[in-house]
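It should be emphasised that the depicted structure is a prediction, and the values quoted were computed from it without experimental measurement.
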Amino acid sequence: MEGMVLGNRYELIEKVGEGGMATVYKARCRILDRIVAIKVLKEELSRDKSFVEKFRVEALAAARISHPNIVNIYDVGQEDEIHYIVMEYVDGKTLKEVICRQAPLPIARAVDIAVMICDGVHHAHQKGVVHRDIKPHNILITDTGIVKVADFGIARAISSATITFGGNMVGSVHYISPEQARGEPVNRTTDIYSIGCVLYEMVTGKVPFDAESPITVALKHIHDDVPSPKEINDEIPEALEGIILKAMAKVPGHRFATAEEMRNTLLNVHSNGFSIYGDRNEKTLVRPLPAGERNDAVLKKKRKLRPMNIAIIAIALLGLLSGAIFMMGGNLFGSEVVVPNIKNMDIKEANLKLKELGLKMNVIDEQYDDKVDKNNIISQEPSQGQKVKKGREIKVIISKGSQLLKVPNLVGYDLNEAEIMLQNKGLRLGRTEETFDDRFAEGQVISQNPEAGEKISENSKVNVVVSKGREKKRITMPNLVGLTLQEARTKLQENKLVPGEVKREESNQYYNDQVISQDTAAGVQVEEETTVNLIVSNGPGPMTQTKAIEFTLPAQQEYYKVVISVSDRQGEREVYNQLHPASDTVNVVVSHFGSGSAEVSLNGRHFKTYSL
């Protein structure tokens with residue numbers, strides 16, 4: 001396609017890459033005189049009108065995003081059957097290429113790259129666009145070191161949030177979140193998980209989970225603990241390992257809430273003397289390291305205690321501890337209580353019950369749950385029956401009740417596509433009815449109940465009406481016998497019928513290329529688009545025959561103009577035209593080819609017809 005001009009504007013210069021869905025070309029915009037990159041959809045995808053429409057909508061949505069760390073989309077267009085996207089041309093390498101050549105990357109460089117990825121992703125999230133396919137292959141690094149995330153919004157058109165372990169999605173399976181692998185609805189924390197996978201690979205040179213089968217990799221994302229990156233590369237700071245593990249938490253609610261939060265935490269890694277710890281809410285915080293770890297030189301300068309001084313201090317501490325235990329009746333470390341069962345209990349009731357036992361409640365998360373009522377406890381930690389000290393916090397997850405899901409718009413989609421869309425939203429396909437419809441192709445959804453945009457409970461059914469296509473009209477089959485093959489085909493098309501198979505036979509009755517017979521007789525009622533098969537003559541056709549015609553003219557007029565016309569296998573023609581007096585006897589020998597008829601007219605009026 002090099003040299004081709006798309007949209008009378010974009011001149012394709014050279015092919016620079018190819019993926020599963022598109023071929024990428026370097027091009028020049030003639031209007032703005034700038035170099036751009038153009039992704040041209042593969043031919044097999046361009047034929048899928050439903051996919052092309054979703055692809056166009058998603059690309060236009062992504063085109064509204066503009067950020068230094070995102071490959072900006074300029075235009076979406078079509079040239080005949082060619083569908084394409086015009087985007088910023090980035091002169092550089094993919095992060096995957098950098099990792100393959102240089103991994104593990106220096107910690108400072110890996111953190112800088114991750115910070116820029118987070119910046120671009122957070123901006124897109126603010127615009128309501130979730131990438132869904134963050135991976136090193138989609139991250140470009142310019143020659144000046146600027147990071148740009150590519151293909152925003154396009155992954156959604158391909159997958160519709162459905163993970164397929166085959167084709168071109170295999171490359172993405174190493175970076176998908178557990179919820180993606182399960183085919184569940186996703187949100188911005190899915191991208192954060194993928195950024196964690198990318199950061200893991202940058203600092204270790206390995207993907208977090210790997211196996212021969214893509215499905216096995218996906219199952220590892222769902223079930224297996226993330227292998228410690230520090231065990232692979234001992235130069236990784238504990239702070240950075242903590243960020244990676246938090247980003248890759250199995251539960252979306254335990255990850256960074258936003259890409260901006262992850263970015264800000266990464267920036268602290270650059271500051272010497274900082275580390276990451278988990279607080280009691282399992283959130284990440286950054287705090288100074290102990291002074292001893294910050295400055296070993298200061299410790300070396302401190303005076304060492306003499307053995308005699310150590311012994312005196314130990315005796316004194318032992319005496320103080322014994323007195324304290326005696327005074328507190330053996331309860332120096334607090335009395336123990338048994339943790340009650342507060343599952344399925346209302347949060348207020350559960351809090352009151354814990355207070356009565358001297359325990360505290362710590363709500364660590366809220367989740368939708370179809371089986372637990374709103375504001376009731378889904379789970380607790382420690383669990384029922386365990387002994388703990390008074391004052392201990394009991395971590396609980398609270399139910400937000402049954403999740404109401406927005407019904408997607410299914411109208412215009414094929415039934416199979418509609419079912420996948422419902423499954424991805426946590427809904428099910430209900431009753432399916434069929435009816436004829438001129439507006440929608442066969443198999444497409446005409447209407448749905450509930451309608452698009454309505455909110456219903458998870459796992460609810462959506463009923464649809466599906467088109468059987470346009471209702472076909474009834475046609476009277478025309479007579480094709482004796483017509484040439486081309487005349488017969490034209491007549492079939494005029495009557496919205498389909499010319500079918502043509503067989504040829506020798507015939508003494510019909511000339512070469514004339515129709516001998518048709519598989520559906522003339523006059524029969526058939527549906528539009530019925531296929532009609534024909535038998536056509538190969539000749540030689542009928543031989544010349546003669547027939548004598550004799551008749552007497554009437555006496556009413558003085559003279560008669562006698563005209564005789566013949567209709568036979570060669571068609572219709574005039575064979576006799578003479579003036580005769582009244583009462584005259586006319587004798588004419590007529591030549592004909594095959595069966596037919598001879599019609600006699602007197603002074604322009606029909607007189608007699610003879611069979612030939």
Side-chain angles (χ1 to χ4, degrees), residues 434-444 466-551 561-577 586 588-612:
E434 292 184 326
T435 186
F436 290 107
D437 195 287
D438 293 343
R439 300 166 301 162
F440 295 91
E442 184 176 355
Q444 290 184 338
V466 178
S467 173
K468 291 165 64 177
R470 182 173 59 87
E471 188 171 11
K472 297 175 182 177
K473 296 179 181 178
R474 303 288 290 178
I475 301 292
T476 301
M477 179 63 65
N479 183 19
L480 309 174
V481 175
L483 300 181
T484 65
L485 179 58
Q486 184 56 47
E487 290 171 341
R489 284 173 171 165
T490 301
K491 196 160 190 175
L492 287 172
Q493 290 167 354
E494 288 173 351
N495 285 274
K496 297 183 179 179
L497 298 170
V498 180
E501 182 182 0
V502 175
K503 291 184 179 180
R504 290 186 173 269
E505 295 180 359
E506 290 187 359
S507 173
N508 293 322
Q509 293 294 319
Y510 295 89
Y511 287 102
N512 182 47
D513 217 33
Q514 282 186 316
V515 176
I516 298 172
S517 65
Q518 56 196 80
D519 64 352
T520 304
V524 174
Q525 293 289 311
V526 294
E527 287 186 344
E528 285 182 344
E529 299 178 12
T530 294
T531 299
V532 182
N533 301 316
L534 303 174
I535 296 178
V536 176
S537 172
N538 266 342
M543 302 298 291
T544 304
Q545 297 175 287
T546 58
K547 182 172 182 177
I549 297 176
E550 182 179 337
F551 55 89
K561 183 179 182 181
V562 179
V563 176
I564 301 175
S565 297
V566 171
S567 177
D568 58 12
R569 299 300 183 202
Q570 280 195 339
E572 190 172 328
R573 62 194 177 280
E574 186 179 288
V575 297
Y576 186 83
N577 190 333
V586 179
V588 177
V589 176
V590 174
S591 296
H592 62 94
F593 300 87
S595 58
S597 62
E599 182 179 328
V600 179
S601 62
L602 304 180
N603 294 338
R605 292 186 178 184
H606 176 72
F607 178 60
K608 282 186 179 183
T609 299
Y610 296 89
S611 295
L612 302 176

Looking only at heavy atoms, which two atoms of [X] and [Y] are closest? And how far apart?
X      : Y      : answer
Ser537 : Gly539 : OG-N, 2.8 Å
His592 : Arg573 : CA-NH2, 3.9 Å
Lys491 : Asn479 : NZ-O, 4.0 Å
Ile549 : Ala598 : CD1-CB, 3.8 Å
Leu497 : Pro478 : CD1-CD, 3.9 Å
Tyr510 : Ile516 : CD1-CG1, 4.0 Å

Side chain of [X], backbone of [Y]: donor and acceptor closer than 3.5 Å?
X      : Y      : result
Asn603 : Lys561 : yes
Asn538 : Arg504 : no
Gln514 : Gly482 : yes
Lys547 : Ser611 : yes
Asp568 : Phe593 : yes

Any chance you could measure [X], atom [atom1], to [Y], atom [atom2], to the nearest 0.5 Å?
X      : Y      : atom1 : atom2 : result
Ser601 : His606 : OG    : NE2   : 9.0 Å
Ile535 : Gln518 : CD1   : CD    : 10.5 Å
Asp519 : Met477 : CG    : CE    : 7.0 Å
Glu599 : Ser567 : CD    : OG    : 9.5 Å
Glu442 : Phe436 : CD    : CZ    : 9.0 Å
Leu534 : Leu485 : CG    : CG    : 6.5 Å

Quiz prompt | Flag for Gln525-Thr476: side-chain donor and acceptor within less than 3.5 Å | solution =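 Thr476 vs Gln525: donor-acceptor pair found between side chains.
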Quiz item: Residues two or more places apart in sequence or in another chain: which of them pass side-chain contact (heavy atoms from CB on, under 4.5 Å) with Arg605?
Solution: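 Arg605 satisfies side-chain contact (heavy atoms from CB on, under 4.5 Å) with no residue once adjacent residues are dropped.
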Self-check item: With sequence neighbours excluded, residues passing side-chain contact (heavy atoms from CB on, under 4.5 Å) with Asn508
Solution: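 With sequence neighbours excluded, Asn508 shows a side-chain contact (heavy atoms from CB on, under 4.5 Å) to Pro540, given in chain and number order.
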Quiz prompt | Verdict with reasoning, Lys473 to Glu527, per side chain to side chain contact (heavy atoms under 4.5 Å, CB included) | solution = CA-CA 6 Å; Lys473 296 179 181 178; Glu527 287 186 344; over 6 Å; no
Exercise. Evaluate the side chain to side chain contact (heavy atoms under 4.5 Å, CB included) criterion for residues Leu602 and Val562: first the C-alpha distance (whole Å), next the side-chain angles of each, then the deciding distance (0.1 Å), finally the verdict.
Key: CA-CA 5 Å; Leu602 304 180; Val562 179; 3.7 Å; yes
Self-check item: Close side-chain approach of Val536 and Asp513, heavy atoms under 4.5 Å
Solution: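 Yes, close enough: below the 4.5 Å cut-off.
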Exercise. Start with the C-alpha gap between Val563 and Tyr576, add the side-chain angles, then the distance that decides, and say whether side chain to side chain contact (heavy atoms under 4.5 Å, CB included) holds.
Key: CA-CA 5 Å; Val563 176; Tyr576 186 83; over 6 Å; no
Self-check item: Neighbour count above 12 (heavy atom, 6.0 Å) for Gln545 CD
Solution: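 Check passes, neighbour count above 12.
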